[in-house]
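Right, one structure below, let's go through it.
These numbers come from a predicted model, not from an experiment.
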Number of protein chains: 2
Amino acid sequence: MGRPSVQDQRKKEVLDAFMSCVVRYGVEGATLEHIAAQAGLKRPLIRHHLGNRKAMVLALGEHVVETFSKQTETLRVALDEHPDVRNLIEALFNSDGEMDPRINICYQALVNSIEIYPELRKPLLESMEAFYKVAIDIVLASHPKADKQACEIVAHGIINLFITTDAFVPLKPPKTWGYSSYFAALKLAETLEEKP
Amino acid sequence: MGRPSVQDQRKKEVLDAFMSCVVRYGVEGATLEHIAAQAGLKRPLIRHHLGNRKAMVLALGEHVVETFSKQTETLRVALDEHPDVRNLIEALFNSDGEMDPRINICYQALVNSIEIYPELRKPLLESMEAFYKVAIDIVLASHPKADKQACEIVAHGIINLFITTDAFVPLKPPKTWGYSSYFAALKLAETLEEKP
DNA sequence: AAATTGACTGTCAATACTGATAGTCAATTT
DNA sequence: AAATTGACTATCAGTATTGACAGTCAATTT
């Protein structure tokens, strides 16, 4: 009884605002005031919903990992029918709005905060491992005759090339940088083709 | 006349301490107190040597870019005699202490601060472009008959794979992650070989 | 309508951080 | 030895940030 709780929804909104602030100001630079302004709420409410600073950062970690995992799962499902390396690369590099670019930046920001918040390490590590695994599975399904180790290497390489591209976004680099990673990923994929 | 100035030397020491703090706490988390403790100095001295916060961050930017450029130049000179792609990859991935791992992390942290300190963008962009250029020149010299565009893509790819590896260091990932990037770089290099 | 529950606000205290200034001490020149 | 210059220290004021708590308002149940 009593007033119905919107805690779950509101908490997600606040975490989303937190994410935007981390992208702009970094983990330590994202103050309660910034987050509140971004979320359109008063400062004390942030604390009300997320707790003190440490709890906030850990909650952000969970949120980022959760969102990241959902994107990973979406990718897996999308390529389940036609698990082709080219489709994987297209999905990664030409996903129009499918993947939230903030996730990658936040992920890196949180990785760099591990020394202060060691609890972040495990979930961050595991979610990235899951991402790699999906890519590996797609490459393996795509090239059943190829060497397994080669497939793993190619999958890792494609993902890593994708990650770097995102990391440079705030630098507003020339488009060629992005294209190069994309074409390098394609070249990497080609190494798995049969050589007659 | 007067007491001899150690400003230049001390400034570099302070900037080095700043760099270490940025690796640990991020750009906004690296407080004057942290930096002073790291440098073994009193807090007001940091200001004395580097000026206010904005000047400090810009000075750090210059310092990181300068160090990065020196490493780039070292790489270029080291591979000038035998400009081979494999040597490039070895130099990048198996450089024992040659490359300061803090540079990469600081570089990324500064990239993420561009929105707050827009002056950082140009030097950061240019120094990375110089890094790419050295790699491209080595690949071109190594494969004079190969398609030029292909060489550029491969060079970009190798560098990007290297960068990702460094970015994950705070996550303490399994060694396989590093190996995968290394082998992916090798595979990418192989795509330039002549196909009979 | 009363009670209950939770979202939300206002406000204060404690602390952390930066900016700034006056002043001390050390090394060099004349 | 006096003067000069710069490294370094002590300390204060102003602001930003967090933490905490009391209290108001809204929505739902009984």
(request) Return no unless some side-chain N or O of A:Arg47 is found under 4.0 Å from OP1 or OP2 of D:dA20. (result) yes

Anything under 3.5 Å between a protein N or O and an N or O of nucleotides 7-9 of chain D, put it in a table, one pair a line.
| from | atom 1 | to | atom 2 | distance (Å) |
| --- | --- | --- | --- | --- |
| D:dA7 | OP1 | B:Ser5 | OG | 2.9 |
| D:dA7 | OP1 | B:Gln7 | N | 3.4 |
| D:dA7 | OP1 | B:Gln7 | OE1 | 3.4 |
| D:dA7 | OP2 | B:His48 | NE2 | 3.3 |
| D:dC8 | OP1 | B:Arg10 | NH2 | 2.8 |
| D:dC8 | OP2 | B:Arg10 | NE | 3.0 |

(request) Would you sort out whether B:Lys133 and B:Asp137 count as a salt bridge (Lys or Arg N to Asp or Glu O under 4.0 Å), showing the intermediate values? (result) CA-CA 6 Å; B:Lys133 187 161 187 347; B:Asp137 287 345; 3.2 Å; yes

(message) Is the ring pair B:Tyr132/B:His156 parallel, tilted or perpendicular, if the boundaries are 30 and 60 degrees?
(response) parallel

(request) Check the angle between the aromatic planes of B:Tyr25 and B:His34 and answer parallel, tilted or perpendicular using the 30° and 60° thresholds. (result) parallel

Could you tell me the separation between the [atom1] atom of [X] and the [atom2] atom of [N], rounded to a whole number of Å?
X	N	atom1	atom2	result
A:Ile46	C:dG10	CD1	P	14 Å
B:Met56	C:dG19	CE	C1'	12 Å
A:Asn52	D:dT17	CG	C1'	14 Å

(message) When you compare the side chain of A:Met19 with that of A:His63, does any pair of heavy atoms fall below 4.5 Å?
(response) yes

(request) Indicate whether any N or O donor in one side chain lies under 3.5 Å from an N or O acceptor in the other, for B:Tyr182 and B:Glu90. (result) yes

(request) Return yes if some donor-acceptor pair links the side-chain N/O of A:Arg121 with the main-chain N/O of B:Lys172 below 3.5 Å, else return no. (result) yes

(request) Compare every heavy atom of A:Asn160 with every heavy atom of B:Phe168, then report the nearest pair and how far apart it is. (result) CE1-OD1, 4.2 Å

(request) Using a 3.5 Å limit on both pairing distances, list the dot-bracket string of DNA chain C from the 5' end; Watson-Crick and G-U wobble pairs count, crossing pairs take [ ], interstrand pairs take |. (result) ||||||||||||||||||||||||||||||

(message) Just to verify, which of A:Thr74, A:Thr72, A:Leu79, A:Asp80 counts as forming a side-chain contact (heavy atoms from CB on, under 4.5 Å) with A:Arg76?
(response) A:Asp80

(request) Test salt bridge (Lys or Arg N to Asp or Glu O under 4.0 Å) on A:Glu119 and A:Lys54 and set out the steps. (result) CA-CA 10 Å; A:Glu119 301 94 327; A:Lys54 181 167 185 182; 3.1 Å; yes

Which pairs, protein N/O on one side and nucleotides 13-17 of chain C N/O on the other, fall under 3.5 Å?
none

(message) Taking atom OH as the centre, does A:Tyr179 end up with more than 12 heavy-atom neighbours from other residues, nucleotides or ligands that are less than 6.0 angstrom away?
(response) no

